[in-house]
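Down below is the structure, laid out as structure tokens.
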Amino acid sequence: MFLLRVWTFFCLSVNKCLFSFFQDANLSIHTDNPDLTPCFQNTILAWIPSIYLWTALPFYLLYLKRSKRGYIVLSMLSRFKTLFGVLLWCVSWADLFYSFHELLQSRTPPPVYFVTPLVIGITMLLATLLIQYERLRGVQSSGVLIIFWFLSVLCAVGPFRSKIVTTTAQGRVLDCRFRSATFYIYFVLLIIELILSCFKEKPPFFSPASADPNPSPELTSGFLSRLTFWWFTSFAIRGYKKPLEDKDLWSLNEDDVSKNIVQKLSREWDREKQQKSGAQTQRCVKKPHVEGKRHNRKPSFLKALLRTFGPYFLIGSFFKLIQDLLSFVNPQLLSVLISFIKNKDAPTWWGFLIAALMFTCTVLQTLIVHQHFQYCFVTGMRLRTGITGVIYRKSLVITNSAKRSSTVGEIVNLMSVDAQRFMDLVAFLNMLWSAPLQTCLALYFLWQALGPSVLAGVAVMVLLIPFNSAVAIKTRAFQVEQMQYKDSRIKLMNEILGGIKVLKLYAWEPSFSEKVLEIRKNELRVLKKSAYLNSLSNFAWTSSPFLVALTTFAVYVLVDERNTLDAEKAFVSLSLFNILKFPLAMLPQLISNIAQTSVSLKRIQQFLSHDELDPNCVERNVIAPGYAISVKNATFSWGKELKPSLKDINLLVPSGALVAVVGHVGCGKSSLLSALLGEMEKLEGEVAVKGSVAYVPQQAWIQNATLKDNILFGQAPNEQKYQNILEACALKADLEVLPGGDHTEIGEKGINLSGGQRQRVSLARAVFSSSDIYLLDDPLSAVDSHVAKHIFDQVIGPDGVLKGKTRVLVTHGIGFLPQVDHIVVLADGKISEMGSYQELLKQNKAFAEFLRNYALDENIEEDELTSTNALYEEVLLAEDTLTLLVFTISLDILQVKLTVFWQYMKAVSPVISLIICFLYCCQNAAAIGANVWLSDWTNEPVINGTQHNTSMRIGVYAALGLLQGFIVFVSSFTLAMGGINAARKLHAALLENKFHTPQSFYDTTPTGRVINRFSKDIFVIDEVIPPTILMFLGTFFVSLSTMIVIIASTPLFAVVIVPLAVLYFFVQRFYVATSRQLKRLESVSRSPIYSHFSETISGTSVIRAYQREKSFIDISDRKVDENQKCYYPSIVSNRWLGIRVEFVGNCIVLFAALFAVIGKSSLNAGLVGLSVSYALQVTLALNWMVRTTSDLETNIVAVERIKEYSETETEAPWIIEDKRPPADWPSRGELEFVNYSVRYRKGLDLVLKDLNLQVHGGEKIGIVGRTGAGKSSMTLCLFRILEAAKGEIRIDGVRISEIGLHDLRSRLTIIPQDPVLFSGTLRMNLDPFNKYSDEEVWKALELSHLKKFVSSQPSMLEFECSEGGENLSVGQRQLICLARALLRKTRILILDEATAAIDLETDDLIQMTIRTQFEDCTVLTIAHRLNTIMDYTRILVLDNGTIAEFDTPTNLIASRGIFYGMAKDAGLA
């Protein structure tokens, strides 16, 4: 009952006070000394803070209940806040008790003196309790209470002024002295409480931040600091003073860490998949006969994203809503200001109040909009983290057939480009509902000003929507097309850079260069079409607000001649149209962004929906006792849709047995191991493997880490065991050669190790893992025969380190077969024979026949190895490793040099650059002209209720506006064309240089870094820099024209321009310096994410075999976090900048309004309207100008990076016209080295020293030697991959150093050590220039024993080789290299250990082919198996870069030198 009375009283008093407020307008408004009525002061004004706090309380308590931050110890600050809170409560209730006292004295005070102290007292008590509750919940600084104290002080200022004014006027206290005294105490206490609440408490106990070495100050910053991003200031200053480094960056907040985000997203995605699969099963059960497309609903990745990131994003949306509503306050205030200027009798304080309100409103808008952006951008950042994480995790479990459907390049693109799209979209996603809301509100206010004429403007807008949508749809189509070209260009570049050495050796660069340029031409063609569309949409964007204003004003004036256009209507409408400009511009852009992101979403969803390997396809537990591996009636294929590669496999491997798997090339040996690992699709049958597995793939997979890390592979170090394994795997001597020993960093794909070293590191990794089962895919083929014997004896064989373990060894070396327990013979994907060595000989089938033919060749005697040095083959570029491998990326710390801008202008063309600037000047002149004309029009006197010359006014206004639109169209198109021109030139120069760059550059530069230039940097030049320049010029000229207009209308403004400009300049410099470095750190930390990702994809089978998925996921998460650590401060730096720059803009609004009020007598309403409406839109322009300056400085770095790689050192010219050799050169094939010396790079030791030798035409020379002897270097010198330090090489008497590289390389033939294939047709891989006829190609295939395989393929010569030739076995790839050699058939053939990965029978075929087909050619063979060169003309023995022996094999064996020792080891002497 009591509450009901209070409520009734409350309602009555509010009505009464409001009535008194307006009734006493002379006291409150129409006076030079305004005041509020006592009733209003004591009720409404006093209750506002209480109403706020009680309304916010339930939501705030809910929030506090959920936040877990630990508690804060009771501090002095907290005690004081509580004390003053209690005092405030006491003071309020002292008033209440005083009222009761008056009642007892029979003086009846008004009811308000009871209610207000009661309400305020209870509220103060609540605030005091809240202070303590917040402390217990770990809140260091309370936004809710700061706002409450601020409101309390604000609402007390009026009464405080009133009391002082009336006291001074009357000379005595009118009101009761007691109440006045308590009020003054109350006011002072409120101010103290407000000041105290601005300080923050100490961090809470048990908070997660306490364990962090470098926590972000954001977590512990106060409310005001967060609101204005003040906590970032120290970082901005640090970035300005000195170059930022990794250690300067703060740790990520707990909520932004990859692990937590990806966990949430994965959980939601799994839930989504389960729901869909559950729903599908239910449907199938209910309606098994219905097979509709509708029913095959895929799980929606979008839903998972919304559930994970939606709630956080919605907080940002709430801020956006408030900001949208606030943005309409200023046009109303402008209307009041113009009325004030017109009304010459109005009190001056009105003007100051309007100016102050305008300023307050813009400041509030600034603070709120940046909170909104902070939430949006952080959501975007989390989205990218989440998407990157789920893609990485998925890539570890997808099947091989799924992997084949998307190349490494495409999957990396999902991570880089598509995840980025989401991030870009989220920032402006709220415009989807905000744009319609702003449009409706603007139209409502416009209707109020101009009536139904607004509908004409609306009609124009509605007509523009389909136009903008059409442009957006078309842009999307172009985007998709361009993405395809970009994908294929990057994929091709990836392959080219991977196989650049082969391209150089074959002189194939022109063919591949043409291919890239062809794709690039198409890509630029699409870009050009997009440029037309963008220019159109720019035209529409600039002209749409103007066209809307023009039609509205024209209709308004022409409909009724009594409709006059005055300053208030015109400029309020204009400022409303300006508000409309942003949503109208953003909506089409947003729609096209949504369109692009939906493409990305589909791509990501498709990838995430790929089939995963069945973890249960290999049974881990159930197996017959005594056996380690059991396969029953199993059939396997590489994909469900492909035909089986292995059929009817039955295999039982006893625990601890050594099983050899033998067979021809391509018969399924490697597939059998993959099947045991669970890498293949099991179509039928059972597979069981007992215990942990270690796997050595045929092509060693080496990580970009130190050699020791590659061997330990995440296991705990054990020095004794480690040293024993190095010894057993014959790695000790390699470590002596490598500059950093086992701490040498191995480049990408093991680039600075030779093939044999990579294989031995891979084997050492397996041995160190101490697994139960070892699957060894031909690890002995990549090493010399004596090393192979050592490894077999020490590691794999019956007495090796692995004795007692189960070993399955794929091998071509039949010398080891007598020592194995079982032999499995494969033929055409089936097991043809099985048994021990003796059993198979007795069976006398194909295997026995095969053995009898080859056993003689490879009779290895059980002899001690003569020298440990014999164990190691060539070290490729070992000396270089540490010194130059992955030299840390230099951060160019200096300000981006003006030369880079000049280089870009040169690429665009200086004339076009000048024309663009001139066009922008014209465009802004036209815009100012139109607005000044409008201002003049509004001042046209009204005679008899009408204005004259309206049609002339409309005509000129229309002409100026349309002229501006037309110039915008021309300038944006010119700029786009200039940008495309620059992109073409810069890419062509980069590509040209990279094809001419010497091989040494590629040996020391990770491919990822070069690819980054071709993908990210070219993308920036294509699609980022031109729009950024467009934006920069636009904002710069808008800011400039605003200053001109304001100074022209209120010259006093010039006084404040200097301090504001200084403030602006400082903020801008601090921001740009820090932001640019953050962007650079961010881009440097981005590359490792992608290079680690592509490394992971190429090694998934190894990672899965060792069950190391989790630690690789952790590494990836760590790399993403490192990247986000740089990205997060750059988001905050934008907010920090925005608030400060917009403050400058808000000051411009304040001063424009203030000076208008001060100069009221001399100004007309039209000029004030013009100047303030310009000031209102300058904030955005100033903000964007700094941002685009920074973006420009950041992105122009791409030009610098591309220039840097376009100007690296190049090799000799490909063709020297006046030094071209005869067409049939070399006709004899004679070779001569004269005093020849060579080194890998300047400053390094000589690798070959003073070689003198002569090879006659047609001779067959075998080249042998121990590790580091210079065997490979010698072949590289013939092709001039390495250039002579002194001396010369002559071929048929021609000095090879004098002719062009292509003339030289195209006349020599090499079969390289690593067979490299490119994705494309088989024919292209054999003959990229289409020089030869189909008959010649078939002939070469026949001679290289591939004809049977190729003719069995449906597409024959057009058979598609996948990336890197993955769909062919290594042996088949080697045969293709032989076919290439047969096609070229030059007089000189070089074989570089080419027989490494081939079974003996194929090897024999190759040797036969070479002997017959290259009979009259000079052949140089770097010998791998000595038996292949025993019948050569002469043998060249290299030792330490010099010629040790050079004679016929017979003479060398007789002389008992180095060669004799090697032959003896191999059992050939």
Side-chain angles (χ1 to χ4, degrees), residues 417 471-472 474-490 492-493 513-541 589 592 596 900-920 967-994 1013-1034 1188 1191-1192 1194-1203 1205-1206:
V417 181
V471 169
K474 202 71 188 130
T475 309
R476 173 200 173 180
F478 289 150
Q479 191 79 35
V480 173
E481 191 181 348
Q482 196 207 342
M483 275 300 293
Q484 286 165 347
Y485 286 129
K486 189 180 163 198
D487 273 354
S488 51
R489 178 170 60 83
I490 301 300
L492 181 57
M493 277 315 301
S513 174
E514 265 172 43
K515 282 181 159 190
V516 177
L517 289 172
E518 184 57 37
I519 298 174
R520 180 72 179 153
K521 196 169 94 186
N522 291 330
E523 199 180 346
L524 290 177
R525 195 191 69 237
V526 178
L527 262 182
K528 201 171 200 168
K529 288 183 195 165
S530 299
Y532 284 110
L533 283 180
N534 285 335
S535 307
L536 269 177
S537 67
N538 275 335
F539 167 72
W541 178 38
Q589 197 181 332
S592 80
Q596 289 171 13
V900 182
F901 282 101
W902 174 236
Q903 279 171 340
Y904 186 72
M905 276 176 70
K906 275 199 302 197
V908 170
S909 128
V911 179
I912 291 181
S913 307
L914 284 172
I915 291 173
I916 291 167
C917 288
F918 173 70
L919 286 170
Y920 266 94
I967 299 174
V968 167
F969 177 73
V970 175
S971 58
S972 63
F973 184 68
T974 315
L975 183 63
M977 286 300 105
I980 289 172
N981 200 16
R984 179 184 294 111
K985 284 184 194 165
L986 290 165
H987 177 267
L990 177 65
L991 188 70
E992 171 81 357
N993 178 280
K994 282 296 134 276
R1013 299 291 191 278
F1014 279 100
S1015 56
K1016 183 74 184 161
D1017 294 330
I1018 289 288
F1019 162 75
V1020 167
I1021 286 173
D1022 284 353
E1023 296 180 54
V1024 180
I1025 292 181
T1028 310
I1029 292 176
L1030 190 82
M1031 191 82 169
F1032 172 73
L1033 291 172
T1188 48
D1191 282 353
L1192 202 52
T1194 307
N1195 289 320
I1196 207 83
V1197 173
V1199 176
E1200 189 182 14
R1201 285 158 59 97
I1202 281 177
K1203 272 290 181 197
Y1205 269 32
S1206 305

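Taking the side chain as every heavy atom from C-beta outward, Asp1022 and Arg520 approach each other to under 4.5 Å. Proximity of Val900 to Lys1203: side-chain heavy atoms (C-beta onward) are nowhere separated by under 4.5 Å. Contact check for Val1024 versus Phe1019: side-chain heavy atoms found under the 4.5 Å cut-off. For the pair Ser972/Phe539, no side-chain contact is recorded, criterion being any heavy-atom separation below 4.5 Å from C-beta on. Put simply, the side chain of Leu527 does not reach to within 4.5 Å of the side chain of Glu523, judged on heavy atoms. The closest side-chain heavy-atom distance from Leu524 to His987 is not below 4.5 Å. Two residues are said to be in side-chain contact when any heavy atoms from C-beta on lie closer than 4.5 Å; Arg984 and Asn981 meet this criterion. Side chains of Ser513 and Leu991 form a contact here, defined as non-hydrogen atoms less than 4.5 Å apart.
Within the 3.5 Å criterion, the main-chain N or O of Ala1198 finds no donor-acceptor partner in the side chain of Lys1016.
Rounding to the nearest 0.5 angstrom, the gap separating the CG atom in Leu517 from the CZ atom in Arg489 is 10.5 Å. To the nearest 0.5 Å, atoms CZ (Phe969) and CG (Asn534) are separated by 11.0 Å. The line from NZ of Lys486 to CE of Met493 is 14.0 Å long, rounded to the nearest 0.5 Å. Going from atom CZ of Arg525 over to atom NZ of Lys521 covers 9.0 Å, rounded to the nearest 0.5 Å. Annotation: the span from Leu986 atom CG to Gln903 atom CD amounts to 8.5 Å, rounded to 0.5 Å. If you take CG on Leu492 and CG on Asp487, they are separated by 12.5 Å, rounding to the nearest 0.5 Å.
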Please walk me through it: do Tyr904 and Ile1029 pass side-chain contact (heavy atoms from CB on, under 4.5 Å)?
CA-CA 11 Å; Tyr904 186 72; Ile1029 292 176; 3.7 Å; yes
Stepwise side-chain contact (heavy atoms from CB on, under 4.5 Å) test for Gln482 and Lys529:
CA-CA 11 Å; Gln482 196 207 342; Lys529 288 183 195 165; over 6 Å; no
Determine, step by step, whether Ile912 and Met977 satisfy the side-chain contact (heavy atoms from CB on, under 4.5 Å) criterion, reporting the C-alpha distance in whole Å, the side-chain angles of both residues, the deciding distance to 0.1 Å, and the verdict.
CA-CA 9 Å; Ile912 291 181; Met977 286 300 105; over 6 Å; no
Set out, in order, the CA-CA distance, both residues' side-chain angles and the distance that settles side-chain contact (heavy atoms from CB on, under 4.5 Å) for Ile1025 and Val1020, then state yes or no.
CA-CA 6 Å; Ile1025 292 181; Val1020 167; 3.9 Å; yes
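Pairing each heavy atom of Leu990 with each of Arg1013, the nearest pair is CD2-CB, 4.1 Å. Summarising the geometry of Phe478 relative to Val526, their closest heavy-atom pair is O-CG1, 3.3 Å, with the distance given to 0.1 Å. Nearest heavy atom pair, residue Ile967 against residue Leu919, reads CG2-O, 3.2 Å. Smallest separation of non-hydrogen atoms from Ser913 and Val908: OG-CG1, 4.1 Å. Taking all atoms of both residues into account, the shortest heavy-atom contact from Tyr920 to Gly1034 is CE2-N, 3.9 Å. Across Leu975 and Pro1026, no two heavy atoms sit closer than the pair CD2-O, 3.7 Å.
Around atom NZ of Lys985, more than 12 heavy atoms belonging to other residues, nucleotides or ligands sit under 6.0 Å away.
When the options Ile1202, Ile1196, Ile980, Asn1195 are evaluated for a side chain to side chain contact (heavy atoms under 4.5 Å, CB included) with Ile1021, the one that passes is Ile1202.
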